[in-house]
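Below is one structure; the comments refer to it alone.
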Amino acid sequence: MAKRKPRKPRVFVDADVLFAGAASPSEHSASQVVLRLAEITLIEALTSKQVVSEAERNLAVKLPQALPAFRLLVSRCLRVVPDPRQVDLSSHLGLADPKDLPILVAAMRERCPWLVTFNIRHFRPGHAAITVLRPGEFVLHVRDLLAHLTSEGER
């Protein structure tokens, strides 16, 4: 019997994390680490067209010199999915700030159990299927999962 290939954890990345990852002077910032985990294929990082546009627009205004790094990160680390249709949002009204509701709905549609953002409050009350975490909290979660694997291997 063939072994089933385990699925990579799916993580939805918000615009502020992309902005911070592209603008960070350190390769070790939590946002950079999240994106690097995707680049080395330990996780599957997804985002939406809305998120990419928002991050790119903000970088163009505030840090245009970071745009090349941003575009490289998007191409190497992320799978960009379509934005939800307006009709898909109506049944989820009130789960997130209206501006961020399409991001939450896209994460739900793509079956991402985690949404990584600095703006936790924008995704309240949220949805039971999605845990909203800051980048640093997500990195700690991954570290805990890896530590659990190590302890299982020692048995």
**Item:** Intermediate values then yes/no, side chain to side chain contact (heavy atoms under 4.5 Å, CB included), L46 and C112
**Value:** CA-CA 8 Å; L46 295 87; C112 294; 3.8 Å; yes

**Asked** Can you list the steps and then say if F138 with I43 is a side chain to side chain contact (heavy atoms under 4.5 Å, CB included)?
**Response** CA-CA 11 Å; F138 180 74; I43 65 172; 4.1 Å; yes

**F12 and W114: CA distance, side-chain angles, deciding distance, ring-ring contact (aromatic ring centres under 6.0 Å, His included) verdict** = CA-CA 6 Å; F12 204 89; W114 296 285; over 10 Å; no

**Item:** Evaluation steps, side chain to side chain contact (heavy atoms under 4.5 Å, CB included), between E44 and E110
**Value:** CA-CA 11 Å; E44 182 180 5; E110 300 297 328; over 6 Å; no

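Residues F70 and V52 have side chains in contact (heavy-atom distance under 4.5 Å, counting atoms from C-beta outward). Side-chain contact check for D14 versus V116: every heavy-atom pair is 4.5 Å or farther apart. Between P82 and R109, some side-chain heavy-atom pair lies under the 4.5 Å cut-off. Contact annotation: the side chain of V34 approaches that of V139 to within less than 4.5 Å [non-hydrogen atoms, C-beta and beyond]. Proximity of V17 to P135: side-chain heavy atoms (C-beta onward) are separated by under 4.5 Å at one or more points. For the pair K49 and V80, the minimum side-chain heavy-atom distance is below 4.5 Å. A heavy-atom distance below 4.5 Å is found between the side chains of F19 and K62. Side-chain contact check for L133 versus L115: every heavy-atom pair is 4.5 Å or farther apart.
Q32 places a side-chain N or O within 3.5 Å of a backbone atom of G21 that can act as its donor or acceptor partner. Of the possible polar contacts, one joining the E137 side chain to the R134 backbone as a donor-acceptor pair under 3.5 Å is found. Remark: the backbone N or O of T117 is not paired with any side-chain donor or acceptor of D16 at under 3.5 angstrom. Not one N or O on the side chain of R10 forms a donor-acceptor pair closer than 3.5 Å with the backbone of A45.
Distance check, rounded to the nearest 0.5 Å: OG1 of T41 to CZ of R36 gives 13.5 Å. Put simply, NE2 on H92 and NE2 on H127 are 6.5 Å apart, with the number rounded to the nearest 0.5 Å. A distance of 9.5 Å separates SG in C77 from CG in L37, rounded to the nearest 0.5 Å. A distance of 9.0 Å separates CZ of R71 from CG of L59, quoted to the nearest 0.5 Å. Atoms CD and CG, from Q50 and L101 in turn, are 9.5 Å apart once rounded to the nearest 0.5 Å. Atoms CG and CG, from N58 and L18 in turn, are 11.0 Å apart once rounded to the nearest 0.5 Å.
Counting non-hydrogen atoms of other residues, nucleotides and ligands closer than 6.0 Å to CZ of R143 gives a total of 12 or fewer. Remark: Q86 CD is loosely packed, at most 12 non-hydrogen atoms of other residues, nucleotides or ligands lying under 6.0 Å away.
With 3.5 Å as the limit, one finds a donor-acceptor pair spanning the side chains of H122 and D100.
Heavy atoms only, all atoms of each residue included: V33 and H28 are closest at CG2-O, 3.9 Å. The two residues A23 and A66 make their nearest non-hydrogen contact at CA-CB, 4.4 Å. Here the closest heavy-atom approach between residue V132 and residue I120 is recorded as O-CD1, 3.6 Å. When all heavy atoms of G136 and A30 are compared, the closest pair comes out as N-CB, 3.5 Å.
Residues V142 and L140 do not share a hydrophobic cluster, clusters being chains of Ile/Leu/Val/Met/Phe/Trp/Tyr side chains in contact below 4.5 Å. Taking hydrophobic clusters as Ile, Leu, Val, Met, Phe, Trp and Tyr residues chained together by side-chain heavy-atom distances below 4.5 Å, V61 does not share a cluster with L63. L93 and L104 end up in the same hydrophobic cluster when Ile, Leu, Val, Met, Phe, Trp and Tyr side chains are linked at under 4.5 Å. Hydrophobic cluster membership is shared by I40 and L146, with clusters built from Ile, Leu, Val, Met, Phe, Trp and Tyr side chains linked at under 4.5 angstrom.
Ionic pairing of R76 and E39 is present here: one or more N-O contacts between side-chain nitrogen and carboxylate oxygen are shorter than 4.0 angstrom.
Checking each of L89, D83, V51, D88 against P102 for a side chain to side chain contact (heavy atoms under 4.5 Å, CB included) leaves exactly one that passes, namely L89.
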